[in-house]
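Notes follow once the structure below has been shown.
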Amino acid sequence: MQKNIEEIKRDLEPNLGRKLHVTANGGRRKTIERKGILAGVYPSVFVIELAEEYCTSERLSFSYADVLTENVVLEFEEL
């Protein structure tokens, strides 16, 4: 069963501060893969702070619709 945007947001909120692996569609057959921490969950977007191996203070933001349409795939690390 496909989730809606509100369910995706509700599922992300308890995972604030957890490490995750992000796979995003970068367009033109490009795929972006990064590791980071879920830094914020806001009404329209969520923010991922990238791990230091990629850069010192970069953040990525995605909309919940990106997860819904599977343009962004989030895989949280086990606790």
Side-chain angles (χ1 to χ4, degrees):
M1 184 172 125
Q2 190 170 2
K3 294 183 174 187
N4 64 34
I5 291 177
E6 285 300 317
E7 290 173 344
I8 293 168
K9 181 179 174 187
R10 243 185 324 225
D11 290 345
L12 286 178
E13 286 175 342
N15 292 307
L16 278 172
R18 283 190 61 195
K19 293 181 181 181
L20 56 82
H21 179 84
V22 180
T23 304
N25 180 355
R28 292 197 176 238
R29 295 183 223 135
K30 293 179 188 173
T31 302
I32 299 167
E33 293 187 33
R34 298 287 188 267
K35 290 182 181 179
I37 296 173
L38 183 60
V41 177
Y42 302 102
S44 299
V45 297
F46 60 95
V47 177
I48 297 170
E49 192 167 321
L50 297 182
E52 289 183 18
E53 62 191 66
Y54 296 107
C55 107
T56 55
S57 64
E58 186 174 346
R59 291 181 170 196
L60 297 175
S61 64
F62 299 102
S63 71
Y64 302 107
D66 291 332
V67 177
L68 182 67
T69 59
E70 298 180 358
N71 285 329
V72 173
V73 177
L74 305 173
E75 298 171 15
F76 287 95
E77 291 185 5
E78 296 296 321
L79 292 175

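- Connectivity analysis of hydrophobic side chains (ILVMFWY, heavy atoms under 4.5 Å, direct or indirect) links Val47 to Tyr42, Val45.
- Partners of Arg18 under the side chain to side chain donor-acceptor pair (under 3.5 Å) rule, at least two apart in sequence or in another chain, are Asn15.
- With Leu50 as reference, Glu58 is the one residue of Glu58, Lys35, Arg59 to meet the side chain to side chain contact (heavy atoms under 4.5 Å, CB included) rule.
- The side-chain heavy atoms of Val41 and Tyr64, taken from C-beta on, include a pair separated by under 4.5 Å.
- When the side chains of ILVMFWY residues are joined at heavy-atom separations under 4.5 Å, either directly or via intervening members, Leu16 and Ile5 end up in a single hydrophobic cluster.
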Sequence neighbours left out, cut at 3.5 Å: what donor-acceptor pairs do the side chains of residues 70-79 make with other protein atoms?
from, atom 1, to, atom 2, distance (Å)
Asn71, ND2, Thr69, OG1, 3.2

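- Among residues at least two apart or in separate chains, salt bridge (charged side-chain N to carboxylate O under 4.0 Å, His left out) pairs with a member in residues 8-17 are Lys3-Asp11.
- Shown here for Lys30 and Asn25, the closest heavy-atom pair between the two residues is O-OD1, 3.6 Å.
- Heavy atoms only, all atoms of each residue included: Leu20 and Ile48 are closest at CD1-CD1, 3.9 Å.
- Shown here are the side-chain contact (heavy atoms from CB on, under 4.5 Å) partners of Ser44, two or more places apart in sequence or in another chain: there are none.
- In this structure, Leu60 is a member of the same hydrophobic cluster as Ile8, with clusters built from ILVMFWY side-chain heavy atoms closer than 4.5 Å.
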